[in-house]
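Read through the structure below, which is laid out as structure tokens, and then see the notes.
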Amino acid sequence: MKAASYFFKTYKEVPREAQTPSHILMHRAGMIQKLSSGIYSYLPLALRSLKKIETIIREELDSRGCQEVLMPAVQPGELWEESGRWNYYGPELLRFKDRKNADYCLGPTHEEVITDMVRRNLTSYKQLPLNLYQIQTKFRDEIRPRFGLMRGREFIMKDAYSFDVNEDDAKKSYKIMYDAYNAVFKRCGLEFRAVDAATGAIGGDMSHEFQVLAETGEDEILSCGSCSYSANVEKAVSGKVVEKPLKSGSKDISEVHTPGMKTVEEVASFLSLDPSMLIKTLIYLVDDKPVAVLVRGNCEANESKIQAFLGANAVAPADEETVKRVTGAEVGFAGPRGLKEGIAILVDKQIYGDTGYACGANKTDYHLTGIDPENDIKADKNGDFTFALEGDPCPHCGGTLKKFRGIEVGQVFYLGTKYSSPMKCIFIDNEGKEQTAVMGCYGIGVSRTMAAAIEQNHDDMGIIWPAAIAPFEVIVIPIQGGNDLVENTAENIYSELKKSGVDVILDDRNLRAGVKFNDADLVGYPVQIICGSRLVEQGLVEIKVRKTGEKSEVKIEEAPEVIKEMLLAL
Ligand code: ATP
Ligand code: MG
């Protein structure tokens, strides 16, 4: 490719909303163009990189027996009614009606469509296992589209779905995909972790996320310094054991006037208690039914754990009206005693370590003191409903948990029969009996992976591509245009590299050297070959490695071989 005729342009200025390196740099390097909020066009440079990521994915999946399909982006609402998700997916699902007034949506994920596709073909156990995937545009009407391609509304995803005869085989399929994902992200040249994850709106029992480590990541991961335990904070378990009892307070319950005191800090300081000795009573709507969740005052409730514990489709903090109705008090005074009948009470197990807590009295401006959780709270269930913290002990080995930030580039889910059962994806087993297929689903954010690579690999000058997914591996930069020797040398090296299969671009634009150098650093080609007249006259060219900034002079005729060697290491 020759730069003078290539459809790209670099920019100095940055759109106001661009805050993260990948967004800023992809815009400046002329890779993406915003069409609407969270909706981008991929220009040639970006598409080259995307295609390379896609090729890596295809190679790793095809070699493991997966088969590629392509499903429609537009999906009938009926299928979502069948799986039960039409009502629960929430406003991220872009719904619309066709001219006949039938419900449709733009696919944010394809469990329904694939399950329908497979059930219409599946008859016998002999057809299983099956793993089908596609690389396709998804649409999610994200509440806050931001960071360019990192959280778009329209984005490219690779989604795969496995179908097996039983749970054991389905777990084997899961493991194959887990290994495939490790291989994909390793080949992309990224530093990443596979972490234990919550299952969210997709559902299912077991899940791992693949997180690219980067300061700008939206996710938090807790990793053990001593063993391989790594989990998203939504899922991470603290190995902390509460000693019983720690510091018992009064055993007699009394009502205390706490006018206008609604926060843990206000109440704790007024009662001269440590915040950990307050019980926060949080009212949630779980699939539209109110539930009270009790956690210590110094802990944060973890909605994702609550959702997983209850096997619910949706968990959200209750609105003010609901809180008033179930507690009979203003917001800020909820407590476990005297809630409206029928409200389930979930107690975080860390609460059971002590007695003598304070909690809301379900009466405006009043709290109770002297609470002994074992005797004074009628818990329906207890469990782990809070976030583990950095510094907590690892639940596996007791080592110390350390926090990292990550960008979720992929996720694998063991689904069981969550979709195949309501949608009747069945087959006849080897004993002639009807069985339900056991499923897994597996996603990679292809466009997000490209952005994550930049978040992890950049400097003040621009992008530093891992060679495997760089739009071009090498740029040849002739300087002092008009000098035939320089131009011929550049052209020869370019042709030579191209012939031997290196992905190379020649910067034949009629621009000053400084501009070309800046653009080369900005776009981030892993290797630059600089042809200047002084060196060329001595039979030499300069090679610069973008990542290290290292420069070396090599003989012109040796340049192509040296470059090929270098690329292997980048
Ligand atoms: P997130 O938690 O970041 O919203 P998710 O868990 O909802 O993502 P999945 O349903 O697991 O996403 O989708 C599979 C992959 O698709 C994700 O791992 C991610 O890489 C990518 N992805 C999801 N949402 C977006 C988005 N809005 N923009 C770009 N990529 C996305
Ligand atoms: Mg996910």
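Throughout, residue positions are numbered sequentially from 1 according to the sequence presented. Both ligands and their constituent atoms are indexed starting at 1 by order of listing.
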With R151, the side chain to side chain contact (heavy atoms under 4.5 Å, CB included) member among R144, R140, E218: E218
Kindly identify the option in [options] whose heavy atom sits closest to [atom].
atom: atom 13 (O) of ligand 1; options: M157, Q411, R448; answer: M157
atom: atom 9 (P) of ligand 1; options: R140, K138, R153, R146; answer: R140
atom: atom 15 (C) of ligand 1; options: P108, G445, S207, A198; answer: G445
atom: atom 30 (N) of ligand 1; options: Y442, F155, F139; answer: F155

Test ring-ring contact (aromatic ring centres under 6.0 Å, His included) applied to W80 and Y89, Y104, Y419, the passing residue: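 Testing each of Y89, Y104, Y419 against W80, the sole residue satisfying ring-ring contact (aromatic ring centres under 6.0 Å, His included) is Y89.
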Polar protein atoms (N, O or S) that approach the Mg ion (ligand 2) to under 2.8 Å: E408 OE2, Q411 OE1
Between [X] and [Y], is any pair of side-chain heavy atoms under 4.5 Å apart?
X: V14; Y: R28; answer: yes
X: F210; Y: Q411; answer: no
X: S223; Y: F404; answer: yes

E191, CD: over 12 other non-hydrogen atoms inside 6.0 angstrom: no
Atom CD of E78 with >12 non-hydrogen neighbours under 6.0 angstrom: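 Result for CD/E78: open.
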G152 N/O under 3.5 Å from ligand 1 N/O: yes
Geometric N/O contact E408 with ligand 1, under 3.5 angstrom: yes
If you measure from each non-hydrogen atom of [X] to ligand 1, which part falls under 4.0 Å: side chain, backbone, both or neither?
X: T109; result: neither
X: M150; result: backbone
X: E142; result: side chain

Test salt bridge (charged side-chain N to carboxylate O under 4.0 Å, His left out) applied to D169 - qualifying residues, sequence neighbours left out: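 Per chain and number, D169 pairs via salt bridge (charged side-chain N to carboxylate O under 4.0 Å, His left out) with K172.
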Intermediate values then yes/no, ring pair (Phe, Tyr, Trp, His ring centres under 6.0 Å), H110 and Y161: CA-CA 9 Å; H110 277 67; Y161 306 86; 7.4 Å; no
Residue-ligand contact S447/ligand 1, heavy atom below 4.0 Å: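 No heavy atom of S447 comes that close to ligand 1.
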Evaluation steps, side-chain hydrogen bond (donor to acceptor under 3.5 Å, both in side chains), between S22 and E455: CA-CA 5 Å; S22 68; E455 295 294 334; 2.5 Å; yes
Contact atoms of ligand 1, heavy-atom distance to L149 under 4.0 Å: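 Close to L149: 29 (C).
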Ligand-residue contact atoms, ligand 1 with V409, heavy atoms, under 4.0 Å: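 Heavy-atom distances to V409 below 4.0 Å select 18 (O), 20 (O).
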Parallel, tilted or perpendicular, as decided by the 30° and 60° cut-offs, for the rings of Y414 and Y174: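 Rings of Y174 and Y414: perpendicular, as their planes differ by over 60°.
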Criterion salt bridge (Lys or Arg N to Asp or Glu O under 4.0 Å) against E112, the qualifying member of R119, K418, R85: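 With E112 as partner, R119, K418, R85 yield a single salt bridge (Lys or Arg N to Asp or Glu O under 4.0 Å), made by R85.
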